[in-house]
Amino acid sequence: MKPIYLALATTTLATPALAQDTRELDAHVHGVSTVEIAVEHGAIEINILSPGMDIVGFEHEASSAEDKEAVAAAIRQFLTPEEIVSLPEGAGCRLTEVLAHLHTGDHDDEHMHEGDDHTHDDDHAEGEEHDHEDHADEARHSEFHVTYGFACDDEDALTGVGFPFFEQFPNAEEIEVQYVTETGAGTAELTPDAAKVSFE
Amino acid sequence: MILRLAFGSLLARALTVSMTVLAIALSVALFLGVEKVRTGAKASFADTISGTDLIVGPRSGSVQLLLYSVFRIGNATNNVTWQSYQDIANRPEVDWIVPISLGDSHRQFRVMGTTQAFFEHYKYRGGRSLEIGDGHGLNDLYDAVIGAEVAATLDYAVGAPIVVSHGLASFTHHDDQPFRVAGIVDRTGTPVDRTVIVSLEAIEAIHVDWQSGAQIPGQSTPVEQIRQMDLSPSAVTAALVGVKSRLQIFGLQRWINTYPEEPLLAVLPGVALQELWQIVGVAETALIGVSAMVVVTALLGMMAMIFSSLNERRREMAIWRAMGARPSTILGLLVLEAALMAALGALLGLALLYTGLALAQPVVDSAFGLWLPIAPPTGRELATLAGVIGAAALVSLFPALRAYRLSLSDGMMVRI
């Protein structure tokens, strides 16, 4: 076989592989935040995913100083968990982990973080802003990702979570909660008027 | 004093009063019974699957995935490739994973291909495991374990031969490779009762000579040869996953839902069950509405009874008044009588309910797989009973007020 055929063969074979591009977008509803709550052995982890629209009122790239300040202020707010979530007094919960960042662009990169020392009482705080290169200009949304970890003395007293979140962000209209506890999993829809999820 | 009078008065009209009390008792028993069945059905429904953290399938809807993977209702839109399955199985968060392969049937029952681990990890009714009462699990390639209802309907015992049909309602059968009933699972009240369980390899084995959904004509690989073949599947329908720590469920779920190589969906069974129940729940509200109307009807019947009794008791009322009873005493007497009737009715209704439950519980459990717990009345039920008594007192106010106004003049006047 002449080298030219070989080269041709390589390109034709390689092209489909390169063309394999996944295009998908998560559903993104303004006004609706998603919250995931997991409880195990006295540890409770709360993940909040909020559209940028609900929190800072825009979803374009924060370019002006004003926009950047709004994003920074929102992240500062998220870094004070007692303004966002409220746990039952009797459970005796201490914050073990807090993580908040703005997620922009349409590609999900993984944010895995483990190895946080849960025995320490000092707050492990981290605030950062991820700005990805634009992958596609159309349908670009931004989302705040927040994670809280708490260690609680009395798991039985951990019967629900309240969300003062709504008071901080008047644009937020609804939270869709999914939770897993010892007794099972469930879902709930929270609104500013009913801002508390009870684990059944 | 007035209580004794009320009792005496009720006793004096024992027949009509007992009819009214019976009507109230029946309506109360019906209302609470519906409530029990409703909560029992909801709990049984939620108990269909427990101990599983995630159900993984092709991307569709969470309710649809739950319906076909757990309830065997409807069909899968796609399969999950074996490679993706392996990728999930190799995630560090995954404690165990059980594959499910559906698509074939035996008579009216679905055939499910899985592994022996299914019996270990599938839990129902708050952590109960499947028990194989007769026989054993899947040891041989052509072993089938059947649910209790399959065994009862088709009258199968351990050792009976089973021929699996291709597809769900077809005339093509895998009769070249018959199975043997190896075990019968005790009744669970879950869809497992209506399932024929075979091994994942067996599903591959019976399709060895098949191509694009049809048997290649004239080709039939001998069973001995099939046993030697590599029968690892190329795809499964869905998978049940258990994670090591509950805190990792959502992370794994997100990883699966954004798995770039294949559109997959992972759902929390509890959440999907709740979503499904929200759809079914409308019927639930209707049931409560109907039984509440029955209670209202019984109370209205009581009101009518009191109204008509006023006519009989005109003289009685007048004598009370003449002897110095104030109109308010008359009113109080009538309201008290009504409340007593309702209270008796409520008590009798409770008695009826618990007798009924005790009698029906085993029958309902074995026939419908619905477990009705016999528990002391809940706060909500007690509140309902109090509500019935209160409502009875309230409706009796209408005849009582009439008596209040008319008791003296009406009874004392001589009518011609």
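The figures that follow rest on heavy atoms only: side chains count, while hydrogens, waters and symmetry mates do not. Throughout, a chain's letter reflects where its sequence line sits, starting with A, and its residues are numbered from 1.
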> Identify the two heavy atoms, one from A:Gly186 and one from B:Val271, that lie closest to each other, and give their separation to 0.1 Å.
O-CG2, 3.3 Å

> A:Thr181 versus chain B, heavy atoms under 4.5 Å apart: side chain, backbone, both or neither?
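For A:Thr181, the contact with chain B is made by the backbone alone.
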
> Quick check for you: to the nearest 0.5 Å, what is the distance between B:Glu275 atom CD and A:Gln178 atom CD?
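CD of A:Gln178 is found 7.0 Å from CD of B:Glu275.
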
> Looking at A:Glu89, I'd like to know if its CD atom is crowded, meaning that more than 12 non-hydrogen atoms belonging to other residues, nucleotides or ligands lie closer than 6.0 Å.
no

> Distance-only criterion, 3.5 Å: show the donor-acceptor pairs between side-chain atoms of residues 65-81 of chain B and protein atoms not counting sequence neighbours.
unit_1  : atom_1 : unit_2   : atom_2 : d
B:Ser69 : OG     : B:Leu65  : O      : 2.7
B:Arg72 : NE     : B:Thr195 : OG1    : 2.9
B:Arg72 : NH1    : B:Ser69  : O      : 2.8
B:Thr81 : OG1    : B:Ser84  : N      : 3.4
B:Thr81 : OG1    : B:Ser84  : OG     : 3.0
B:Thr81 : OG1    : B:Glu262 : OE1    : 2.7

> Of the backbone (N, CA, C, O) and the side chain (C-beta and beyond), which part of A:Ile46 lies under 4.5 Å from a heavy atom of chain B, both, or neither?
neither

> Is it true that, when you exclude B:Gln83 itself, more than 12 heavy atoms of the residues, nucleotides or ligands shown sit nearer than 6.0 Å to its CD?
no

> Is the shortest side-chain heavy-atom distance between B:Arg254 and A:Leu49 below 4.5 Å?
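Result yes, sub-4.5 Å side-chain heavy-atom pair found.
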
> Hey, is B:Arg246 close enough to A:Glu45 for a salt bridge, meaning N to O under 4.0 Å?
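A:Glu45 and B:Arg246: not salt-bridged.
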
> If you compare all heavy atoms of B:Phe250 against all heavy atoms of A:Val180, which two are closest, and at what distance to 0.1 Å?
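Scanning both residues completely, I find the closest heavy atoms to be CE1-CG2, 3.6 Å.
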
> Going by distance alone, is a donor N or O of one side chain under 3.5 Å from an acceptor N or O of the other, for B:Gln274 and A:Thr187?
no

